[in-house]
There are 2 protein chains.
Amino acid sequence: MSPAHRSRLLTHITADLVVLTIRSGQLHVLVVERDNEPFAGQLALPGGFLRGDETLDRTAARELREETGMDPGSLHLEQVGVYSDPDRDPRVRRVITCSYLAIAPNLPVPTAGSDAREARWVTVARLLAPRARLAFDHKRILADAVERAREKLQFSTVATAFCDAEFTIGDLREVYEAVWGVELDRPNFHRKVTDADGFVVSTGRKRTSAGGRPASLYRAGDAETISPPMMRTPRARK
Amino acid sequence: MSPAHRSRLLTHITADLVVLTIRSGQLHVLVVERDNEPFAGQLALPGGFLRGDETLDRTAARELREETGMDPGSLHLEQVGVYSDPDRDPRVRRVITCSYLAIAPNLPVPTAGSDAREARWVTVARLLAPRARLAFDHKRILADAVERAREKLQFSTVATAFCDAEFTIGDLREVYEAVWGVELDRPNFHRKVTDADGFVVSTGRKRTSAGGRPASLYRAGDAETISPPMMRTPRARK
DNA sequence: ACCGTAGGTGTCAGATCGACAATCAGGGAT
DNA sequence: ATCCCTGATTGTCGATCTGACACCTACGGT
């Protein structure tokens, strides 16, 4: 082992959060501005250290509440991957992180969190742009989590996690369009989603928004997977 | 924090391997018999501690070579998940592990590994049976990795990682049948696989084995995903 | 009353699927 | 040499799914 690493046998472990939501048709992620070195002033994903008596899942849930004021019980939260490059954190103690993907509906305004740092929504497109910078290896972590979300939309029903408890098929379609960056055929999407077993359940109600016929309201069904899967058909962006 | 955990702020990190292969139509996993406490004498997944100067991916690759004598460069190796229950390891130092799924063709006899402990293949079915026991939380880790493998067969081309460099469509079909525990329709499987873009590439050669018409040999194609996916059709087991 | 907009249904041709018949090409037995 | 058994591979067909797109519905706004 090289001398540079001899002093780093003690490792700390963190959970970092990639909290995604859709705002006005764009995929957004929650970021905080760092107060301290390293990377002070730069944007980073929210996250924090594992405590001695908790699992990483609990760390992720706790940080979600502490840093963003959101309720971990109410939204989709799943482990994505571990990042363990010895040099990913320049501090003396080596830090390994486990990333979590969280999916939230639009409603909550995160900055309202209690002891939250300056947390805010930024479009994923902006943070993944070639010249964009994030602290540590968070750009990579973000990219991996977004890719995970894109894949999961195809085969699972997580898309409903982006919506409120009651939503229209149009809302759901906007989720797919925002996350995949494609435009989907309305009629076909409607049929596929309503025909799929356990994806959406009709409540009797309707919602009448500005312009257009009132849309039926649905809530998420029991199913976790969709078969056959939703297909990501490449067509020109809106 | 409770006193019981106060002394466990220092954590060690391991990589554990779920090495899968197919032997005579059955899905097998590589296990070792533990020499030391805890769980001495019990079966466990191979794995080992992260070193100060390496990533977890490198730890997994190194342990694969050291404990099983296999060449990590030649087989599929992917991170699956992190297991961080504070009580998952009864030792004083808390141990968090990251599991890796490795997929190997049948050929290598693992016990031939250099400084390998007693390593051997056991059917997954046997280890996942209700009354079966594995050290630590390795039963859960195994179950999760196998489930990951099952899912990946649907949408990706990893099934070829179970085969030798050159293989027949029948070999590939046996992989699906063993991992999914179903019987697939030969003609339809053949068509689907050969029609899928970049899944398999025909070498000119043929292999003539005992009984039956000689089968054309293929090698893995460039594609990593299959679209449309392979469908797991439930039919009676052989 | 008319228009714009978005929700939702109908239709149709082409692709895919699952089932299964039929044909091909070896080895082994007679 | 011939027949039989086994698995590989090709054909066929009806049921289903998909993607494109016409068309009808029901609101708010003007």
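Chain naming here is simple, since letters A, B, ... match the order of the sequence lines and numbering starts at 1 in each.
- Under the 3.5 Å distance criterion, the side-chain polar atoms of Tyr100(A) are matched with a main-chain donor or acceptor of Asp57(A).
- In this structure Tyr218(A) satisfies the side-chain hydrogen bond (donor to acceptor under 3.5 Å, both in side chains) test with no other residue, sequence neighbours excluded.
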Validation: residues 192-202 of chain A side-chain donor-acceptor distances under 3.5 Å, sequence neighbours left out:
residue	atom	partner	partner atom	Å
Lys192(A)	NZ	Pro229(A)	O	2.9
Thr194(A)	OG1	His190(A)	O	2.7
Thr194(A)	OG1	Arg191(A)	O	3.1

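- Heavy atoms of Arg173(B) sit under 4.0 angstrom from primed sugar atoms or phosphate atoms, though from no base atom.
- Here Thr194(A) lies out of heavy-atom contact (under 4.0 Å) with every strand.
- Under the side-chain contact (heavy atoms from CB on, under 4.5 Å) criterion, Ser209(A) pairs with no residue, sequence neighbours left out.
- Qualifying side-chain hydrogen bond (donor to acceptor under 3.5 Å, both in side chains) partners for Arg58(B), counting only residues two or more places apart in sequence or in other chains: none.
- Of the two residues near DNA chain D, Asp171(B) and Met231(A), the one whose nearest nucleotide lies more 5' is Asp171(B).
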Identify every side-chain donor-acceptor pair in residues 139-151 of chain A under 3.5 Å, counting partners at least two apart or on other chains, and give the distances.
residue	atom	partner	partner atom	Å
Lys139(A)	NZ	Ala129(A)	O	2.9
Lys139(A)	NZ	Pro130(A)	O	3.3
Lys139(A)	NZ	Ala132(A)	O	3.0
Asp144(A)	OD2	Tyr83(A)	OH	2.6
Arg148(A)	NH1	Glu78(A)	OE2	2.8
Arg148(A)	NH1	Gln79(A)	O	3.3
Arg148(A)	NH2	Val80(A)	O	3.1
Arg150(A)	NE	Val179(A)	O	2.8

For nucleotides 11-14 of chain D, which of its nitrogen or oxygen atoms have a protein nitrogen or oxygen under 3.5 Å away, and what is each distance?
residue	atom	partner	partner atom	Å
dG11(D)	N7	Arg191(B)	NH1	3.1
dG11(D)	O6	Arg191(B)	NH2	2.9

note = Quick tally for nucleotides 24-30 of chain D: nucleotides whose base has a protein heavy atom under 4.0 Å get B, sugar-phosphate-only ones S, the rest -, giving -BBB---

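- Residues meeting the ring pair (Phe, Tyr, Trp, His ring centres under 6.0 Å) test with Phe136(B), sequence neighbours left out: Phe39(B), His138(B).
- Residues meeting the salt bridge (charged side-chain N to carboxylate O under 4.0 Å, His left out) test with Arg219(A), sequence neighbours left out: none.
- Each of Lys192(B) and Gly170(A) has a nearest nucleotide on DNA chain C; the 5'-most of these lies closest to Gly170(A).
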